[in-house]
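Keep in mind that what you see is a predicted model, and the values were worked out from it rather than measured.
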Amino acid sequence: VPDPATKRLSRDEWIPMIVPKRKLMSDSMLREKKFLKSVLSILEERSHDRNSIVRQMAVRGLGNLVYGAPEKVKKYKKFLLDILIGALHDIFSLEVIGESMKALAKVLKELKEKDIGSSFKDLTQQIRTYFDDEDDALRSMAFVLFGILARLTKRKWKTYFADQVKKSWVTLLLHLQDPNPEVSMECRATFQLCFPLLGLKRLQSAINEHLGGTAKLKPEQLQVDICRYLVSELLNCLRLLTGVVV
């Protein structure tokens, strides 16, 4: 659905707003407390603007805080995550959603699992909704973000994230054959990061063989190996439950 406010600004009107903001959020002046607070307050306000281009640039500016004042990211983590995760719900602009994903990728790399707090659930669930999106760029970034979360997950959210991986692994497996090569590549990296959370240790070596390195992926053979393993495990379970050789 197009944003009815998008046309309110002409190209000549919004470009002057974009360039200074992109440079500003990468400037070392952001390390000054009073200045940073003022800028963040303005960007927060602009992230809710009626014009989708303004919202997109505000989100980009927040992501660029990583370059201008990386040591401040943890201090403002909740502020940043609330706005960026909220932008993932933008119903008018795919550009805003994509920009938010890119910004989240920057911010999350500066954080640890404990820093994400209660936002972890909403973020994980929202990312998963874009795995099958029609937009190639959104699918690709969704897999990138899911992979970043897989790296971050250590203790507190490990059980929860493992459950999300179990709900997503078939989708991940299918997108190894995504028609877009870039999406397929990002999915491949994420699938390898997430697979250990499934607890299928006997299959790990096969997964590493298929997904490790830079060799051309053979998804059909990977699927065959996984199915063969699952059938074998099912037969073992039946033997244990019935005491009968199947």
Side-chain angles (χ1 to χ4, degrees), residues 81-82 84-91 94 97-98 100-102 104-105 107-109 111-180 182-208 210-212 217 219-234 236-237:
L81 291 174
D82 285 349
L84 296 179
I85 295 174
L88 293 178
H89 296 269
D90 196 302
I91 63 174
L94 293 179
I97 296 171
S100 177
M101 287 182 167
K102 293 175 185 177
L104 279 165
V107 170
L108 289 174
K109 288 178 181 179
L111 302 177
K112 295 181 179 180
E113 180 188 44
K114 63 180 181 180
D115 297 320
I116 304 176
S118 58
S119 299
F120 193 97
K121 284 188 176 182
D122 187 23
L123 176 57
T124 304
Q125 292 172 5
Q126 195 59 29
I127 289 172
R128 289 183 58 226
T129 65
Y130 293 104
F131 283 172
D132 292 318
D133 197 272
E134 293 181 358
D135 187 282
D136 291 352
L138 293 188
R139 289 201 311 280
S140 181
M141 280 307 303
F143 291 129
V144 169
L145 286 172
F146 206 67
I148 292 174
L149 290 180
R151 290 192 187 96
L152 284 174
T153 304
K154 302 297 181 184
R155 294 183 178 181
K156 182 177 180 180
W157 295 106
K158 186 173 183 179
T159 300
Y160 172 79
F161 191 73
D163 184 58
Q164 295 300 303
V165 171
K166 290 174 183 176
K167 293 177 179 178
S168 307
W169 78 277
V170 173
T171 299
L172 292 170
L173 187 62
L174 291 174
H175 279 288
L176 290 174
Q177 302 182 71
D178 195 283
N180 184 297
E182 182 179 345
V183 177
S184 175
M185 180 181 68
E186 297 296 353
C187 182
R188 175 177 180 169
T190 296
F191 190 90
Q192 188 171 18
L193 286 169
C194 292
F195 193 82
L197 293 169
L198 292 174
L200 304 177
K201 294 181 180 180
R202 290 174 55 193
L203 189 55
Q204 188 65 56
S205 59
I207 294 298
N208 292 339
H210 282 288
L211 302 181
L217 181 65
E220 296 86 357
Q221 185 58 47
L222 174 59
Q223 291 175 13
V224 168
D225 288 347
I226 291 176
C227 289
R228 183 182 293 122
Y229 169 82
L230 293 176
V231 170
S232 173
E233 288 298 294
L234 177 60
N236 287 335
C237 288

Novice: Between SG of Cys187 and CG of Asp178, what distance do you get to the nearest 0.5 Å?
Specialist: 7.5 Å
Novice: How long is the gap from CG on Asp135 to OG on Ser140, to the nearest 0.5 Å?
Specialist: 10.0 Å
Novice: How many angstroms lie between atom CD of Glu186 and atom CZ of Arg139, to the nearest 0.5 angstrom?
Specialist: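 Interatomic distance, Glu186 CD to Arg139 CZ, rounded to 0.5 Å: 12.0 Å.
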Novice: Answer whether the closest heavy-atom distance between the side chains of Arg151 and Leu193 falls below 4.5 Å.
Specialist: yes
Novice: Ile127 and Met101: side-chain contact (heavy atoms from CB on, under 4.5 Å), yes or no, with the steps?
Specialist: CA-CA 9 Å; Ile127 289 172; Met101 287 182 167; 5.9 Å; no
Novice: When you compare the side chain of Thr129 with that of Leu88, does any pair of heavy atoms fall below 4.5 Å?
Specialist: no
Novice: With rounding to the nearest 0.5 Å, note down the distance linking CD1 in Ile148 to NZ in Lys109.
Specialist: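 That separation rounds to 5.0 Å.
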Novice: Hey, can you tell me if Phe120 and Tyr160 have their rings parallel, tilted or perpendicular (30° and 60° cut-offs)?
Specialist: perpendicular
Novice: Kindly say whether the aromatic ring centers of His175 and Phe143 come within a distance under 6.0 Å.
Specialist: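 So the answer is yes for these two rings.
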Novice: So how far is it from Leu111 CG to Leu81 CG, rounded to the nearest 0.5 Å?
Specialist: 6.0 Å
Novice: Any salt bridge between Asp163 and Lys166, counting N to O under 4.0 Å?
Specialist: no
Novice: Counting distance only, does the side-chain N/O of Asp122 pair as donor-acceptor with the main-chain N or O of Ser119 below 3.5 Å?
Specialist: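 Between the backbone of Ser119 and the side chain of Asp122 there is no qualifying donor-acceptor contact (under 3.5 Å).
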Novice: Could you check whether any side-chain heavy atom of Thr124 comes within less than 4.5 Å of a side-chain heavy atom of Trp157, counting everything from C-beta outward?
Specialist: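 No; the side chains remain at least 4.5 Å from each other.
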Novice: If you look at every heavy atom in Gln177 and Ser184, which pair is closest and at what distance?
Specialist: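 For Gln177 and Ser184, the tightest heavy-atom pair comes out as N-OG, 4.5 Å.
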Novice: About how many Å separate CG of Leu94 and CD of Glu134, when rounded to the nearest 0.5 Å?
Specialist: 9.5 Å
Novice: Would you call Leu108 and Leu123 a side-chain contact if the rule is heavy atoms closer than 4.5 Å?
Specialist: yes
Novice: Determine whether a donor-acceptor pair (N or O, by modelled atom type, separation under 3.5 Å) exists between the side chain of Gln126 and the backbone of Ile85.
Specialist: no
Novice: Return the minimal non-hydrogen interatomic distance between Arg155 and Glu113, and the atom names on each side.
Specialist: N-OE1, 3.0 Å
Novice: Taking the side chain as every heavy atom from C-beta outward, state whether Phe195 and Leu172 have any atom pair closer than 4.5 Å.
Specialist: no
Novice: Under 4.5 Å between any side-chain heavy atoms of Thr190 and Leu145, yes or no?
Specialist: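 No, too far: nothing below the 4.5 Å cut-off.
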Novice: Does some side-chain heavy atom of Val144 sit less than 4.5 Å from a side-chain heavy atom of Lys102?
Specialist: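 A side-chain contact under 4.5 Å is absent here.
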Novice: What heavy-atom pair brings Ile97 and Asp90 nearest, and what distance separates the two atoms?
Specialist: CD1-O, 3.3 Å
Novice: Between Ser100 (side chain) and Leu84 (backbone), is there a donor-acceptor pair under 3.5 Å?
Specialist: yes
Novice: Specify the closest pair of heavy atoms between Phe161 and Ala150, including all atoms of both residues, with the distance to one decimal.
Specialist: CE2-CA, 3.6 Å
Novice: Do Ile116 and Leu149 come close enough that some side-chain heavy atom pair is under 4.5 Å?
Specialist: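 Counting from C-beta outward, Ile116 and Leu149 do come under 4.5 Å.
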